[in-house]
There are 2 protein chains.
Amino acid sequence: MGSEMLDHAVQSLREHGVRMTPQRQAILEYLVTEHSHPTADDIYKALAARFPNMSVATVYNNLRVFKDVGLVQEMNYGDASSRFDFVTSKHYHIICDTCGKVVDFNYPVLDEIEAVAAQLTGFKVDRHRLEVYGTCPTCQADQSHTH
Amino acid sequence: MGSEMLDHAVQSLREHGVRMTPQRQAILEYLVTEHSHPTADDIYKALAARFPNMSVATVYNNLRVFKDVGLVQEMNYGDASSRFDFVTSKHYHIICDTCGKVVDFNYPVLDEIEAVAAQLTGFKVDRHRLEVYGTCPTCQADQSHTH
DNA sequence: TCTTACATAGTAATCTTTATAAATAGTGTA
DNA sequence: TACACTATTTATAAAGATTACTATGTAAGA
């Protein structure tokens, strides 16, 4: 299941003339396997055991490559580091203000707002970005206890 | 007109126990007057003439204060600096991928997606964030010339 | 006016991300 | 399989944005 997505991703990279290296493979695997919306540093730390000499720059380089090929989506919240999400199907994100957890949820793609924006502003629209913010169930529970 | 919003903002700050200083006043004025979605550095540079000794930290401190009181919204795109927008009425933003220009456009507030997200994930929803990306008319023209 | 806590200035420090250059290692081809 | 070409990695420096810190200054109420 995950392996299928991985194979597809590798093939997609090959078609773009991107070479496969062990580090690249590992970063990709991590993104496919974990659904944790990791930061570059998360990935770096997670793979430190297998690749003690891997550079942080390698993580960033590869994330950029994946992004350029369209395999990965970069998300940037406020002050913190960017988070990276392996693109599977169309979904939006909801983010916990307290603990930072990111959860996917499905919702029909908002094509209409793109059309309206284009009409009102004269922009040629490429894409949009939508995120919902709030408090996750866990943090809600914590808050009522502490209170 | 702008003065009314300014007065209201100052009053709102007073109610939150925030002191008014010349620097704070100036930063607030700038945000109300300009509709340019400035970065912290934009503001710093714009006020350098009037406040030659003002620190960048002061700009950041005040922007945070304004944000905490709800007067200002912080927007963060990819790698660049955060941009700050004085909150007037409900509107969304469209951003040019080429030159970075930010333009407001009006669209009915998407309350529904908040409700759906809450139901699907169990989050207590607070707000959402929506941005459209594309190419502004100016950059579209430039691109067809260069081509 | 006096007092006190908050704000500012100035600077150092932190954090994230990118740039650079030399060393390394994929991948197609002979 | 060996070679050559070039992308990739590593290591480190550097850049850029934002925050932390501390002494000094100042707004605002008594």
Side-chain angles (χ1 to χ4, degrees), chain A residues 9-30 37-69 71-84 100, chain B residues 9-30 37-69 71-84 100:
Chain A
V10 170
Q11 187 187 344
S12 184
L13 286 168
R14 285 243 157 76
E15 281 164 9
H16 282 79
V18 176
R19 292 179 186 169
M20 285 313 301
T21 67
Q23 295 91 333
R24 182 163 286 159
Q25 179 90 21
I27 295 170
L28 199 54
E29 258 180 59
Y30 185 84
H37 310 274
T39 64
D41 196 59
D42 290 338
I43 301 172
Y44 176 64
K45 290 213 180 81
L47 301 180
R50 279 169 64 195
F51 299 91
N53 293 325
M54 186 168 66
S55 172
V56 201
T58 298
V59 176
Y60 278 103
N61 286 340
N62 281 303
L63 288 172
R64 189 191 327 170
V65 169
F66 298 158
K67 220 175 79 176
D68 290 346
V69 175
L71 291 175
V72 156
Q73 178 191 1
E74 180 175 0
M75 303 175 291
N76 198 290
Y77 314 129
D79 342 3
S81 323
S82 287
R83 292 176 169 277
F84 297 86
Chain B
V10 171
Q11 188 187 344
S12 183
L13 286 168
R14 285 243 158 74
E15 282 165 9
H16 282 80
V18 175
R19 292 181 185 167
M20 284 314 300
T21 67
Q23 296 90 333
R24 182 164 286 161
Q25 179 89 21
I27 295 170
L28 198 54
E29 260 180 59
Y30 185 82
H37 310 275
T39 64
D41 195 59
D42 290 338
I43 300 172
Y44 176 66
K45 290 211 181 82
L47 300 180
R50 279 169 63 196
F51 299 90
N53 294 325
M54 186 168 64
S55 172
V56 203
T58 298
V59 177
Y60 278 102
N61 286 339
N62 281 303
L63 288 172
R64 188 188 330 167
V65 169
F66 298 159
K67 219 176 81 176
D68 290 346
V69 176
L71 291 174
V72 157
Q73 177 190 2
E74 179 175 1
M75 304 175 290
N76 195 289
Y77 313 129
D79 341 2
S81 321
S82 286
R83 292 175 168 279
F84 297 86

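The chains referred to below are lettered A, B, ... by the order of the sequence lines, with proteins before strands, and numbering in each begins at 1. Source: prediction; values computed, not measured.
- Atom P of nucleotide C:dT18 and atom CG of A:Asp41 are separated by 14 Å, given to the nearest angstrom.
- Annotation: proximity of residues 49-59 of chain B to DNA chain D (heavy atom, distance under 4.0 Å) is found for B:Ala57, numbered in ascending order.
- DNA chain D is contacted by both B:Asn61 and B:Arg19; B:Asn61 maps to the nucleotide lying nearer its 5′ end (nearest heavy atom per residue).
- Distance CZ (A:Arg64) to P (C:dT16): 18 Å, rounded to an integer number of Å.
- Scanning all heavy atoms of the two residues, the minimum distance from A:Met75 to A:His37 falls at CE-ND1, 3.6 Å.
- Residue A:Ser82 has a polar side-chain atom (N or O) positioned under 4.0 Å from OP1 or OP2 of C:dT17.
- Closest approach of B:Ala9 to B:Leu28, counting heavy atoms only: CB-CD2, 4.0 Å.
- For the helix from C:dT1-D:dA30 to C:dA30-D:dT1, the axis fitted to the five pairs at one end and the axis fitted to the five pairs at the other end meet at an angle of 30° (nearest 10 degrees).
- We find that CD of B:Gln11 is positioned 14 Å from P of D:dA28, with the value rounded to whole Å.
- Considering all non-hydrogen atoms of both residues, A:Ala26 and A:Phe51 come closest at CB-CE1, 3.5 Å.
- Per the geometry, CG belonging to B:Leu28 stands 15 Å off C1' belonging to C:dA7, to the nearest Å.
- In this structure, OH of A:Tyr44 is placed 13 Å from P of C:dT16, rounded to the nearest angstrom.
- For the pair A:Arg24 and D:dT9, the criterion of a side-chain N or O lying under 4.0 Å from OP1 or OP2 is met.
- OP1 or OP2 of D:dA17 sits under 4.0 Å from a side-chain N or O of B:Ser81.
- Counting heavy atoms from C-beta on, the side chains of B:Leu63 and B:Glu74 never come closer than 4.5 Å.
- Rounded to an integer number of Å, the gap from CD1 of B:Ile43 to P of D:dA17 is 14 Å.
- Each of B:Tyr60 and B:Met20 was matched to the nucleotide of DNA chain D holding its nearest heavy atom; the match closer to the 5' end belongs to B:Tyr60.
- Contact annotation: A:Gln23 does not reach the phosphate of C:dA25 (side-chain N/O to OP1 or OP2, under 4.0 Å).
- Contact annotation: the side chain of B:Asp68 never approaches that of B:His16 to less than 4.5 Å [non-hydrogen atoms, C-beta and beyond].
- Rounded to an integer number of Å, the gap from CG of B:Leu63 to P of C:dA7 is 14 Å.
- With contacts defined as side-chain heavy-atom distances shorter than 4.5 Å, the pair A:Phe66/A:Val18 does not qualify.
- Taking both residues in full, the closest heavy atoms of A:Ala40 and A:Val59 are given as O-CG1, 3.5 Å, listed atom of the first, atom of the second, then distance.
- The list of side-chain hydrogen bond (donor to acceptor under 3.5 Å, both in side chains) pairs with a residue in residues 42-60 of chain A, not counting sequence neighbours, reads A:Thr39-A:Asp42, A:Asp41-A:Lys45.
- Atom P of nucleotide D:dT26 and atom CG of B:Asn62 are separated by 16 Å, given to the nearest angstrom.
- The side-chain heavy atoms of B:Ile43 and B:Asn62, taken from C-beta on, include no pair separated by under 4.5 Å.
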